[in-house]
Protein chains: 2
Amino acid sequence: MLELAILGILKDQELHGYELKKRLTETIGPLTSVSFGSLYPALARLEAAGAVKAVEAHTGTKPIPMTGSLGAEVAAFRARRGAVRGSRGKKVYGITGRGHELFAELLTASSHSPEDDRGFNLRLAFARYLPPDARLGLLERRRAQLVERLAKGRSSIRSSRDRLDNYARCLLEHRSEATERDISWLDQLIAAEFAASNSQKQKETT
Amino acid sequence: MLELAILGILKDQELHGYELKKRLTETIGPLTSVSFGSLYPALARLEAAGAVKAVEAHTGTKPIPMTGSLGAEVAAFRARRGAVRGSRGKKVYGITGRGHELFAELLTASSHSPEDDRGFNLRLAFARYLPPDARLGLLERRRAQLVERLAKGRSSIRSSRDRLDNYARCLLEHRSEATERDISWLDQLIAAEFAASNSQKQKETT
DNA sequence: CAGCCGTTATATCGGATCGATACGTCGGGA
DNA sequence: TCCCGACGTATCGATCCGATATAACGGCTG
């Protein structure tokens, strides 16, 4: 799951871990906080799988941990800084051909099963890489899932009305309202998909 | 975190694991799905800590309905291990005095730090166990957190407008709107707290 | 009534993830 | 100068999740 997000970001541009994390949290939202404790192992997995590779951060410096010539190394680093702020021990990752393949696999895979919220948000963020029909299927599956969730939430409010205090009930109601709005938001997206599809057909017939 | 939820549910009534899971998902919402793979270890931890204890499930005095000698062997095996179980192997858990203490600790603890969404939802669901001032503090800290999150989200939309395609931008905007609604919802809750507090004072002065 | 299936129920395993922490560089302000 | 905060990589232990195993039970159908 995290692999998909990483590959999707790296498709746009090469980045190093720290910047990648910031980009991730602002793309897939701060709700799903990605920690370094999962980001770096995920990058290592991807690199082992040949999906990404670490490229030199400009100026082919080798990561030599020599302590004897530390002064010379530092001096070299300082001499080189200026173009892209501080080219020190950064490891910049780039996506490979295998990485593009893996991205397509992950984006399509298991999009036909009850996915969780994060999975949907992630897939939607990269929906431009999906063919139009898969995009529409994604949205409609999500809609059905939310409708079911809403029904369950309402029934659980109804069934346990007397067992809940004000705070818990208020929480459940707020959540149901949020789900309702999500559904109508999805309806908008679905309508937009249909509109785009129709205008596409119009263009084709002319 | 999960311990807090378990203890909060068990404060109301004794339950066995399976029912506890259902109660959890309907109380703290299906968004934060609790799996058995975390529930049972958490119950084991709580039992080891003396916060909960397995009580005898009310059995219909029909402990061995199984066929042949195999059933007897299984029953004997279970008896040898000394498990507290009913006729169908249920383990009903009840909260202890230490459990009530632990619940109070967990509910109060680290409520003064930038907690995550699940932490807040959980604490709000059990807000009735908090003193009024702590309740208000919880709500206002949450509000401040959401305001900050909204500002960050908006700025990230603004800063990366050209880098995002329609889907990603739409996602971010939808999220910002949801955060706005969460904030106004919190405002309602805070106002309700003040109203309750005032009516309480009114009662005291009369 | 035999066979099958869905629900109830406990439990464990491997892998993914998180939060904290360590270690180190760098620029800026007291 | 010296400390603080931002940048940057990395790892550890605990926890959490999804899948899976096991098994008794109720209901339904042929």
Side-chain angles (χ1 to χ4, degrees), chain A residues 1-6 15-22 24-25 31-47 54 57 61 63 65 67 70 73-78 80-82 84-93 110 113-119, chain B residues 1-6 15-25 31-48 54 57 59-60 62-68 70-71 73-75 77-78 81 83-93 110 113-119:
Chain A
M1 205 82 286
L2 181 53
E3 273 97 334
L4 175 61
I6 291 173
L15 288 172
H16 54 94
Y18 195 87
E19 191 72 24
L20 188 55
K21 174 175 156 54
K22 288 199 296 186
L24 278 170
T25 57
L31 300 94
T32 67
S33 67
V34 180
S35 64
F36 289 118
S38 49
L39 177 61
Y40 284 116
L43 277 172
R45 285 196 302 271
L46 286 172
E47 193 172 16
T61 20
T67 51
L70 185 59
E73 289 289 328
V74 170
F77 276 132
R78 287 200 179 142
R80 262 181 255 109
R81 87 190 145 90
V84 184
R85 55 177 354 192
S87 61
R88 60 173 184 279
K90 284 191 210 171
K91 278 169 74 175
V92 177
Y93 289 95
S110 80
S113 56
E115 54 194 346
D116 55 355
D117 290 14
R118 308 203 291 187
Chain B
M1 203 81 287
L2 182 54
E3 274 98 333
L4 175 62
I6 292 173
L15 288 173
H16 53 94
Y18 194 87
E19 190 72 24
L20 189 55
K21 174 174 156 52
K22 288 199 295 187
R23 204 60 67 87
L24 278 170
T25 57
L31 299 94
T32 67
S33 67
V34 180
S35 66
F36 288 118
S38 49
L39 176 61
Y40 284 117
L43 276 172
R45 285 196 303 271
L46 286 173
E47 193 172 15
T59 85
K62 213 97 173 277
I64 308 175
M66 286 172 284
T67 64
L70 182 61
E73 282 187 42
V74 171
F77 178 67
R78 282 183 183 162
R81 293 179 55 173
V84 181
R85 288 169 180 219
S87 60
R88 283 205 314 170
K90 279 194 211 171
K91 279 169 72 176
V92 177
Y93 290 94
S110 82
S113 57
E115 55 194 346
D116 55 353
D117 290 15
R118 307 203 293 186

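Every chain is numbered from 1, with letters handed out A, B, ... down the list of sequences.
- The side chain of M1(B) approaches dC16(D) more closely than any other nucleotide in the set dT8(C), dC16(D), dT17(C).
- Between the NZ atom of K90(B) and the C1' atom of dA24(D) there is a distance of 12 Å, given to the nearest Å.
- Closest-nucleotide positions on DNA chain D for L2(B) and K22(A) were compared, and the one nearer the 5' end corresponds to K22(A).
- Axis orientation changes by 20° from one end of the helix from dC1(C)-dG30(D) to dA30(C)-dT1(D) to the other, with each end axis drawn from 5 pairs and the value rounded to 10°.
- The nucleotide whose nearest atom lies closest to any side-chain atom of Y18(A) is, among dC7(D), dC18(C), dT10(C), dC7(D).
- The listed nucleotides are dA10(D), dT10(C), dA16(C); the one nearest the side chain of K91(A) is dA10(D).
- In this structure, H16(A) places its NE2 atom 14 Å from C1' of dC26(C), rounding to the nearest Å.
- Checked against salt bridge (charged side-chain N to carboxylate O under 4.0 Å, His left out), R45(B) has the following partners two or more places apart in sequence or in another chain: E3(B).
- A straight line from CG of L15(B) to P of dT8(C) spans 14 Å, rounded to a whole angstrom.
- Annotation: side chain to side chain contact (heavy atoms under 4.5 Å, CB included) contacts of E19(A) (sequence neighbours excluded): L15(A), H16(A), K22(A), R23(A).
- A distance of 5.5 Å separates CD1 of I6(A) from CG of L20(A), quoted to the nearest 0.5 Å.
- Contacts of F36(A) classified as side chain to side chain contact (heavy atoms under 4.5 Å, CB included), with partners at least two apart in sequence or in another chain: Y18(A), K21(A), L39(A), Y40(A).
- The stretch residues 34-44 of chain B comes close to DNA chain C through F36(B), G37(B), Y40(B), each having a heavy atom under 4.0 Å from the strand.
- In this structure, D116(A) places its CG atom 15 Å from P of dA16(C), rounding to the nearest Å.
- Scanning for side chain to side chain contact (heavy atoms under 4.5 Å, CB included) contacts around S38(A) gives L2(A), V34(A), S35(A), with sequence neighbours left out.
- Of the side-chain N and O atoms in R45(A), one or more sit less than 4.0 angstrom from OP1 or OP2 of dT17(C).
- As a whole-Å value, the separation of K21(B) NZ from dA11(C) P is 16 Å.
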